[in-house]
Amino acid sequence: MLEFIIGALSPLNLLLALLGVAAGTIIGSIPGLTATMAVAVLVPLTFTMSADSALILMGAIYTGAIYGGAYAAILLNTPGTPSAIATTFDGYPMAKRGDGDLAVSVACISSVIGGLVGALALLFLAPPLAEAALAFGPVEYFWLAVFGLSLIAALSTGDFLKGVIGACFGLLLAMIGISETSAEVRFTFGSNVLLGGVETVSALIGLYCIPVLIDLVATPDRHLSAPEQTRGFRLPEAFGLLLKNKINVMRSSVIGTMVGALPGAGGSIAGLVAYSEARRTNKGKPPYGEGNPGGIIATESANNATVGGGFIPTLVLGIPGTPPDAVILGALLVQGVRTGPSLFADGANIVYTFIFGLLLATVLMLPVGLMIGRFAYGAIVRAPKAALVPIVAFMTVIGTFAIRNSLSDIAIMIVLGIVGWVAGKRGFSVSPIVLGLILGRIAEQGFVQSWTIGDAIGNLWGQFFGRPLSMAIIALTLLTFFYPFLPRLKQLVSKSTVTPADERERASKPAILRDLLGLLIAGGIALLALQQSAGLNPEAAVFPRTIAMAMAVIVCLALLRLVVTRHVTEFAVEGSWVRMTALPLVMLGAVFLFPLLGFGPTAVLLGLVLTVVAQHDRFSLKNWAILLLSVTAVIVACTLLFSEVLSVPLP
């Protein structure tokens, strides 16, 4: 082993690990640029390297990109990568109350610990974990997706029924396009634009980031509270929180490693499962979802543990554990390396040098991540809103375009952002919608395959409920789902004083009418999905029809509750309607101008107009010139970065 450690510590591999972590962290922090894209863009650099050095560079980029997604999640409420979804739940509330620097440090240390656990599992436990991963069949993947959806009860912002309706809507969004189980076209309404479905990352950007931008331009208030004095990295506090959450971080790292070893699962599911378990066992304050550092610790340790976990089936079985692993596997094939059970014996010098290099890259992520995180936090806290809004809006646009080189994806992202903002104000939390969108395809594929197998063997019930592993996941799902309701159940059992529903503050008539309209629209969507499913073949129709029927039933229950209790969950709209309306309209206008004026000029025009929309105070001519030139310079620099360095074919 000593020779492999020495090989990993060679000057070249040290430099590659350092540069890979830095590049991956920066790329992952930009909304729209996923870990998969970070690895794919930089793969050509590895073709002239030795196989072990190439693996170290790609592994470093991968692990850095997974961590980098936490910056945008914490500071902008926008997951930079899908694996950072659950980081937004507590990271952004921490940043809003002035603890963004602490949140970034906690995320960095948690990511390092999770990455080390995953890499050590790859070093010592690869063959047995790979065999265990093969025990997961379609029905286990289905129940794993349902387990992730059990978070709805915790993320519904006080209105459980609306949370379930939102999750059903997200599941239906995931069904748009060509069915993966039957190749039949669904819910496109004759539009070629929707044939490719709703791209997950662009939808995440829209649902999370656009509502934040709309609220930002509405009022002159600052985005984040600036601390009165410089507090550095706050490492003593961060390490103290990690020590307090030692069981949480180790449990989440193990969950991330195991989920990462499941082919196709990925960091988003690992983060959600770990967050769910951490929330279920939490006894401290504040509650999860309101700025508890334990939520960041659980998510970041789990998603970085998937890096090492994902390499287990990739190297041992030749089956990619996560999407970036598929890109890395392709690069290995170009290098002439054949993965499989014999690789650890025949190619020991490559595999073990890479594993120690991955451990090295994970350790290097601590200083690199803290430095970049400190810069990102300082820049966003100090930036005037009139500069922050246009630059972030531009990054959402170019990041969305870079995923599939599609202007249509930008339009869908903006429209979903408007839907997310309206839904949020009506009490429909965005997080359940995102859960449904992320887990929809996995749930449908597992459900349909399990249904087909159960029907073929004549034991449908046994297929879904007769396998020991499935029963364990179902038990955890039920425990996680009902856990948020335990305090209420205890009150009912002990006959404590509970405020009856009819004694709550009754909503005004306009509020009831607004809620009624929102629920009727949700019901209309469910009925439309049922009508569209009628003409599909059974395989393509069974899952969306089931979801649509469930959504219709929940809407009826919500309507009944509204009539009986007259209780409404909604959030006030504050600020200028003109500015709030102008932001998405200007962004949509830019989509139509891109083919006419070109990407660069349109992007600059978009930035300048949004600068005016976001600026509330009166400026002198000199200050206006500095502000507009600064926004233009950043947009031009980022455009050149995407077109010349990342080779994104901008229109």
Considering only distance and modelled atom types, tabulate donor-acceptor pairs under 3.5 Å from the side chains of residues 391-398, sequence neighbours left out.
residue: T396; atom: OG1; partner: A393; partner atom: O; Å: 2.5

Output all residues satisfying salt bridge (Lys or Arg N to Asp or Glu O under 4.0 Å) with [X], sequence neighbours left out; order by chain, then residue number.
| X | value |
| --- | --- |
| R251 | none |
| R382 | none |
| R545 | none |
| K385 | none |

State whether the side chain of [X] and the backbone N or O of [Y] hold a donor-acceptor pair below 3.5 Å, judged by distance alone.
| X | Y | result |
| --- | --- | --- |
| S105 | L102 | no |
| S301 | A298 | yes |
| Y67 | T25 | no |

With a 3.5 Å cut-off and no angle check, do the side chains of E300 and T87 form a donor-acceptor pair?
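Their side chains do contain a donor-acceptor pair, which is all the 3.5 Å distance test asks for.
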Using distance alone, with no hydrogens and no angle criterion, decide if N248 and S252 have a side-chain donor and acceptor under 3.5 Å apart.
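Their side chains do contain a donor-acceptor pair, which is all the 3.5 Å distance test asks for.
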Does the pair D215/K425 count as a salt bridge with the N-to-O cut at 4.0 Å?
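Yes, D215 and K425 are salt-bridged.
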Can you tell whether the side chains of R279 and D90 come within less than 4.0 Å, N to carboxylate O?
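D90 and R279: not salt-bridged.
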Kindly write out the residues that satisfy side chain to side chain donor-acceptor pair (under 3.5 Å) with [X], not counting sequence neighbours, or none if the list is empty.
| X | value |
| --- | --- |
| S253 | none |
| Q615 | none |
| N77 | none |
| N304 | T63, S111 |

Any pair counted as salt bridge (Lys or Arg N to Asp or Glu O under 4.0 Å), so long as it reaches residues 546-556, sequence neighbours left out
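Qualifying pairs, neighbours excluded: none.
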Per-pair distances, 0.1 Å, donor-acceptor, side chain in residues 202-212, under 3.5 Å, sequence neighbours excluded:
residue: S202; atom: OG; partner: E199; partner atom: O; Å: 2.9
residue: Y208; atom: OH; partner: S431; partner atom: OG; Å: 3.4

Taking side chain to side chain contact (heavy atoms under 4.5 Å, CB included) as the definition, give me every residue that meets it alongside P544, ordered by chain and number, with sequence neighbours left out.
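Applying side chain to side chain contact (heavy atoms under 4.5 Å, CB included) to P544 gives L172, M175, R186, F187, E444, S533.
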